[in-house]
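Inspection log for the structure reproduced underneath, given as structure tokens.
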Amino acid sequence: MKVDVNTKARLAFAAFLLVSTAAGAGWYFFSISQYATYQIYTQESVSGLIADAPVEFHGVEVGKVKSVRLVNPHSVAIVLSIDKTAPVTSASVATITSRGLATRGFTGYVYISLEDVGVDSRPLTTRPGEPYPIISTAPSKAMTLDTAMNQVNENVQVVTSLLESVLDKTTVASLKQSVDNLQRVTTALAENTGKLNSIVANTERASNRLAPLIESSHDTVTALQMQVLPEAHKALSNLDHLSTSVTDVATRINRDPSIVIRGAAPPPPGPGERK
């Protein structure tokens, strides 16, 4: 049976599709065999994290996010496809992180960051009742655009409330009065700059004159000391002699009280004592 050209073309196209499909399936299964599936659970917001988001280990991309699903009102399950050559162990911890301010990847993106936080190098195993091995999670570091705007709004409200409580009418009036007083002081200083300069100059001249006066006073005091000290020494010597004389007279009177009556001269000899 003779096959026409159109039939040959159809058969060739079908064979090409069959070979391409087989090659694609083979490549797909080969690629799948190079990746391992893990799962993480988190109770934090995963806003901005979507399927095919990158998974990085120490900053190197090692996989993708396969799915993000809500488990219950408080928990989210995230399935990860990670290269089997990545050193994922029991010490690995997953953190939801963002680069830029990301909401659904428009101004940045949210990804999963893996890090080692311990020394336990045992491989992860699947727990009973779980479809995949579970990687522990750390607190999220994702800063999305909506959360950033909410935080900015809250900060602005706090600052506004603080300003309203501090800057009441009385405080504003006091501040205005203080500024006015400061302005008047500044104006007065500017107007009296010449007088201040004159005072400084006069003070400098007075200090220059004070040094010779102090030196002259020192010389005068020295001269007075040279004149007064000898006289004072002489007076003290005389006073010492006088004190000695008084002491001697007191001693004599104590020995012979008759001296007070007859004086210090010896008494004349009696009749039997005359020669």
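Residue Val93 is not grouped with residue Ile96 when hydrophobic side chains (ILVMFWY) are merged at heavy-atom distances under 4.5 angstrom, including chains of intermediate members.
For the pair Arg184 and Asp180, the salt-bridge criterion is not met [side-chain N within less than 4.0 Å of a carboxylate O].
Contact between Ala94 and Leu114 at its shortest, heavy atoms only, is CB-CD2, 3.6 Å. Closest of all the heavy-atom pairs between Asp120 and Ser90 is OD2-CB, 3.5 Å. The two residues Ser92 and Phe57 come nearest to each other via the heavy atoms OG-CE1, 3.9 Å. Smallest separation of non-hydrogen atoms from Ser113 and Thr97: CB-OG1, 3.7 Å.
In this structure, the side chains of Ile82 and Tyr35 stay at 4.5 Å or more apart for every pair of heavy atoms. Between Val55 and Tyr111, the closest side-chain pair of non-hydrogen atoms is not below 4.5 Å.
By the salt bridge (charged side-chain N to carboxylate O under 4.0 Å, His left out) test, Glu130 pairs with no residue at all, sequence neighbours left out.
Connectivity analysis of hydrophobic side chains (ILVMFWY, heavy atoms under 4.5 Å, direct or indirect) links Val179 to nothing; its cluster partners are none. Residues near Leu182 contribute nothing to a hydrophobic cluster around it, because no ILVMFWY side-chain heavy atom sits closer than 4.5 Å to its side chain.
Under the salt bridge (charged side-chain N to carboxylate O under 4.0 Å, His left out) criterion, the residue pairs touching residues 48-65 are Glu56-Arg99, Glu61-Lys64, with sequence neighbours excluded.
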Residues 132-139, side-chain donor-acceptor partners within the protein, below 3.5 Å, at least two apart:
| residue | atom | partner | partner atom | Å |
| --- | --- | --- | --- | --- |
| Thr137 | OG1 | Tyr41 | O | 3.4 |

When the side chains of residues 65-80 are checked against the rest of the protein, which donor-acceptor pairs come out under 3.5 Å, sequence neighbours left out?
| residue | atom | partner | partner atom | Å |
| --- | --- | --- | --- | --- |
| Asn72 | OD1 | His74 | N | 2.8 |
| Asn72 | OD1 | Ser75 | N | 2.8 |

| request: For the pair Ile112 and Leu49, evaluate side chain to side chain contact (heavy atoms under 4.5 Å, CB included) and give the outcome as yes or no after the intermediate values. | output: CA-CA 9 Å; Ile112 304 296; Leu49 184 65; 3.9 Å; yes
